[in-house]
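Order of the sequence lines fixes the chain letters, A, B, ..., with proteins taken first and strands second; residue numbering starts at 1 for each chain. All figures in this text were calculated on a predicted structure; none of them were measured in a lab.
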There are 2 protein chains.
Amino acid sequence: MPETGQQVGTRQRVEDSAALLFRRQGYAATGLKQIAAESGAAFGSIYHFFPGGKADLGDHVVRRAGAAYRDLVATALGGDADPETAVLSMFDAAARALAESDYADACPIATLALEVASTDERLRMATEAVFADWVDTATAWFGQWVPRPADRDLATSLIMLLEGAFLLARAARDPGPLHIAGQSMVTLLRAHRSG
Amino acid sequence: MPETGQQVGTRQRVEDSAALLFRRQGYAATGLKQIAAESGAAFGSIYHFFPGGKADLGDHVVRRAGAAYRDLVATALGGDADPETAVLSMFDAAARALAESDYADACPIATLALEVASTDERLRMATEAVFADWVDTATAWFGQWVPRPADRDLATSLIMLLEGAFLLARAARDPGPLHIAGQSMVTLLRAHRSG
DNA sequence: CCCCTAGTTGAGTGATCGTTCTATTTAGGA
DNA sequence: TCCTAAATAGAACGATCACTCAACTAGGGG
């Protein structure tokens with residue numbers, strides 16, 4: 001078990017494949033057999049690393065993918081000095097990534113979150129924690145330019161607009177909603193800075 | 001087949017139960033056996049009314065529930081003379097309905113839309129049509145107070161904020177995001193009216 | 001050399017999936 | 001009353017589901 005860091009272990013390959021499939025086709029529609037085949041792992045290995053079964057794997061995937069996406073968005077936002085252009089370029093990057101993945105890779109946990117919200121309390125709490133983490137991160141970022149408590153409202157609106165835009169863009173196979181969301185976010189930010 | 005209109009037919013009971021289950025737990029997680037049991041219909045009756053099977057039923061449910069929800073939102077918006085209070089009360093009503101259903105009944109098609117966006121072209125197109133219909137309806141409503149093309153951007157942002165707020169509210173079992181979304185929508189409307 | 005544990009492997013379990021199929025019942029028009 | 005089509009009813013099918021389990025391999029410490 002020493003961490004060689006050189007080759008990707010079975011556990012991580014399973015998590016990566018599960019994250020990809022949950023994101024593209026949802027939690028219920030993804031079978032453990034499919035995850036095993038996609039990752040190249042033996043079927044039994046999934047239960048070796050995740051004794052709790054599918055829900056256990058789902059919990060780990062939600063938290064890991066959630067943290068990774070938070071870092072991705074934080075990096076995209078932090079690049080620019082001007083917050084308005086930063087917001088615009090972040091939505092632009094999201095639109096580009098979505099179109100390049102043939103409208104498959106949007107939010108890593110949104111589909112699963114809606115599926116389990118009323119049916120699996122453990123997974124629901126995992127998605128709640130991820131969304132709260134995202135809002136906290138965005139709140140700290142907006143706090144650089146906007147006083148409380150407007151920073152948190154802006155952060156929440158950013159996540160809501162991004163998630164809603166992902167939904168419309170995937171359904172229509174068109175990046176347009178993401179650009180509209182970016183413009184609306186700029187309008188909200190401007191209103192709170194001048195007011 | 002004369003339309004008596006007095007008692008609910010089997011076909012409608014099946015559609016209603018399917019709509020409820022798709023909305024609460026998603027498309028893939030809902031079995032036709034469960035729909036038959038919930039609606040009280042015989043299993044074979046589902047295939048009598050929907051010869052195309054589950055996808056056929058899903059298509060009808062998406063379009064019917066989509067039109068019904070459009071009417072619901074249009075009624076909620078059209079009640080007030082002042083557009084700002086109308087928007088606020090609409091998000092308020094959505095928050096109340098969500099909490100009263102124990103955070104189960106949010107958007108009737110969002111979960112299904114994300115599930116099928118990359119896996120079922122027919123159902124994806126059905127969700128695309130519903131979202132386009134909603135945006136068209138909201139565009140006409142905003143057009144009463146805002147010139148083109150801002151009316152359509154406002155309408156798209158309304159749907160995005162509503163969908164994003166539903167997602168966060170269900171995950172956190174908290175109506176807070178819907179109130180924040182309502183306030184942000186008022187801010188956007190105000191910015192476009194004065195600008 | 002033996003042990004011990006971590007990890008791998010896939011066959012097998014019962015349950016449930018969507019779907020098909022054949023009867024049977026119902027109801028209105030001729 | 002008979003005919004026809006709609007609707008009801010559920011058994012059966014093959015496939016797949018999440019999951020269990022026992023056998024197996026690899027490798028480091030005693």
Novice: A:Y47 OH to D:dA22 C1': how many Å, rounded?
Specialist: 17 Å
Novice: In terms of hydrophobic clusters joined by side-chain contacts under 4.5 Å, are A:Y69 and B:L167 together?
Specialist: yes
Novice: Starting at atom CG of B:D56, determine the distance to atom P of C:dT19, rounded to an integer number of angstrom.
Specialist: 10 Å
Novice: Would you please test B:F43 and B:I35 for side-chain contact (heavy atoms from CB on, under 4.5 Å) and show each step?
Specialist: CA-CA 8 Å; B:F43 180 78; B:I35 293 173; over 6 Å; no
Novice: May I have the distance from A:K33 (atom NZ) to D:dC19 (atom P), rounded to whole angstrom?
Specialist: 12 Å
Novice: Check whether any side-chain N or O of A:S45 sits under 4.0 Å from OP1 or OP2 of C:dG7, and answer yes or no.
Specialist: no
Novice: Rounded to whole Å, please give me the gap between CD1 in B:I46 and P in C:dC21.
Specialist: 18 Å
Novice: In this structure, how many angstroms lie between the C1' atom of C:dG18 and the CG atom of B:D120, rounded?
Specialist: 14 Å
Novice: Between A:D120 (side chain only) and A:R122 (backbone N and O only), is there a donor and an acceptor less than 3.5 Å apart?
Specialist: yes
Novice: What integer distance in Å separates B:L32:CG from C:dG18:P?
Specialist: 5 Å
Novice: Check whether any side-chain nitrogen or oxygen of B:T10 sits under 4.0 Å from OP1 or OP2 of D:dT8, and answer yes or no.
Specialist: yes
Novice: Do the numbers put A:K54 on top of the ring of A:Y47, so that NZ or CZ is under 6.0 Å from the six-membered ring centre and no more than 45° off the axis?
Specialist: no
Novice: Could you work out which one of D:dA6, C:dT19, D:dA9 sits closest to the side chain of B:H48?
Specialist: D:dA6
Novice: With the side chain of A:F49 defined as its heavy atoms from C-beta on, choose the nearest nucleotide among C:dT19, C:dG7, D:dC19.
Specialist: C:dG7
Novice: In whole Å, what is the span from the NZ atom of A:K54 to the P atom of D:dC17?
Specialist: 9 Å
Novice: What's A:G44 touching, base or sugar-phosphate or nothing? Going by heavy atoms closer than 4.0 Å.
Specialist: base
Novice: A:F43 has an atom CZ; how far is it from atom P of D:dC21, in whole Å?
Specialist: 13 Å
Novice: Using heavy-atom distances to pick each residue's nearest nucleotide on DNA chain D, tell me which of A:Y27 and B:R11 is more 5'.
Specialist: B:R11
Novice: Between B:H48 (side chain) and B:G44 (backbone), is there a donor-acceptor pair under 3.5 Å?
Specialist: no
